[in-house]
Amino acid sequence: QVQLVESGGGLVQPGGSLRLSCAASGFTLDTHNMGWFRQAPGKEREGVSYILSSEDGSTAYADSVKGRFTISRDNAKNTVYLQMSSLNPEDTAFYYCAARTTLSGSPWARLGSYDYWGQGTQVTVSS
């Protein structure tokens with residue numbers, strides 16, 4: 001049974017940092033590319049970051065988080081991370097991780113191209 005479980009969310013002050021984790025089970029990261037998405041109240045879910053399953057682990061980021069967020073993965077732990085720094089109130093959202101097979105050629109931020117989704121974790125940036 002495939003499962004993605006996010007953790008690490010919480011309340012943080014502006015300028016602070018958080019690290020989100022996404023633990024995968026039922027499949028291995030070396031067969032799936034992984035994405036982080038977020039959804040703020042009243043807004044559509046949007047792509048945040050992406051990492052390939054390949055050895056070079058190529059990454060991609062939304063313009064709004066470039067230079068502040070870093071995606072990584074630990075295949076031994078079957079876990080993907082999202083290190084978030086210099087957080088601001090606009091980063092407040094529910095954060096989800098998602099997985100899709102390496103066969104997908106769709107743009108990484110296309111929601112419908114993902115096969116599995118986690119339940120999400122809340123990130124709130126507020127003073």
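Values below: all heavy atoms of this structure, side chains included; hydrogens, waters and symmetry mates excluded.
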Would you sort out whether F69 and L87 count as a side chain to side chain contact (heavy atoms under 4.5 Å, CB included), showing the intermediate values?
CA-CA 9 Å; F69 291 11; L87 287 162; 3.8 Å; yes
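- Here S17 contributes atom OG and Q83 contributes atom CD; the two are 6.0 Å apart, rounded to the nearest 0.5 Å.
- For Y114 and F37, the ring centers are positioned less than 6.0 Å apart.
- Side chain of T79 to backbone of A23: no donor-acceptor contact under 3.5 angstrom is found.
- With no hydrogens or angles considered, no side-chain donor-acceptor pair links R68 and S85 at under 3.5 Å.
- Interatomic distance, CG of L29 versus OG of S53, reported as 8.5 Å (0.5 Å rounding).
- Under the 4.5 Å side-chain heavy-atom criterion for Ile, Leu, Val, Met, Phe, Trp and Tyr, Y116 and L82 are members of the same hydrophobic cluster.
- To the nearest 0.5 Å, atoms CG (L103) and OG (S113) are separated by 12.0 Å.
- In this structure, the separation between CE on M34 and NE2 on H32 is 8.5 Å, given to the nearest 0.5 Å.
- A single hydrophobic cluster is seen to contain both W36 and L18, as judged by linkage of ILVMFWY side chains at heavy-atom distances under 4.5 Å, directly or through other members.
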Side chain to side chain contact (heavy atoms under 4.5 Å, CB included) evaluation trace for F94 with T121
CA-CA 5 Å; F94 226 77; T121 185; 5.6 Å; no
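- Looking at S49, its side chain does come within 3.5 Å of a backbone N or O of A60 through a donor-acceptor pair.
- For the pair D91 (side chain) and V65 (backbone), a donor-acceptor distance under 3.5 Å is absent.
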Could you please spell out the steps behind the side chain to side chain contact (heavy atoms under 4.5 Å, CB included) verdict for T31 and T102?
CA-CA 6 Å; T31 61; T102 58; 5.6 Å; no
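- In the displayed structure, Q119 atom CD is contacted under 6.0 Å by at most 12 heavy atoms of other residues, nucleotides or ligands.
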Check the pair Y61 / I71 against side chain to side chain contact (heavy atoms under 4.5 Å, CB included), numbers first and verdict last.
CA-CA 9 Å; Y61 296 91; I71 190 171; 3.4 Å; yes
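- E44 contributes atom CD, which lies 8.5 Å from atom CD of Q39 (distance to the nearest 0.5 angstrom).
- At distances below 3.5 Å, not a single donor-acceptor pair connects side-chain atoms of R100 with backbone N or O atoms of L111.
- Hydrophobic clustering (side-chain heavy atoms under 4.5 Å, transitive across Ile, Leu, Val, Met, Phe, Trp, Tyr) keeps M84 apart from Y96.
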Evaluate the criterion side-chain hydrogen bond (donor to acceptor under 3.5 Å, both in side chains) for residue pair Y81 and D74; output intermediate values, then yes/no.
CA-CA 8 Å; Y81 303 98; D74 184 334; 4.6 Å; no
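- Linking ILVMFWY residues whenever their side-chain heavy atoms come closer than 4.5 Å, directly or via other members, places I51 and V48 in the same cluster.
- G47 approaches A62 most closely through the heavy-atom pair O-CB, 3.4 Å.
- Atom OG1 of T101 and atom CG of N33 lie 7.5 Å apart (nearest 0.5 Å).
- A continuous path of Ile, Leu, Val, Met, Phe, Trp and Tyr side chains, each step under 4.5 Å between heavy atoms, connects L4 with V123, placing both in one hydrophobic cluster.
- Side-chain contact between W117 and R45 is present, with heavy atoms from C-beta onward closer than 4.5 Å.
- Not a single donor-acceptor pair under 3.5 Å links the side chain of N88 to the backbone N or O of V125.
- For the residue pair Y95 and R38, a side-chain donor N or O sits within less than 3.5 Å of a side-chain acceptor on the partner.
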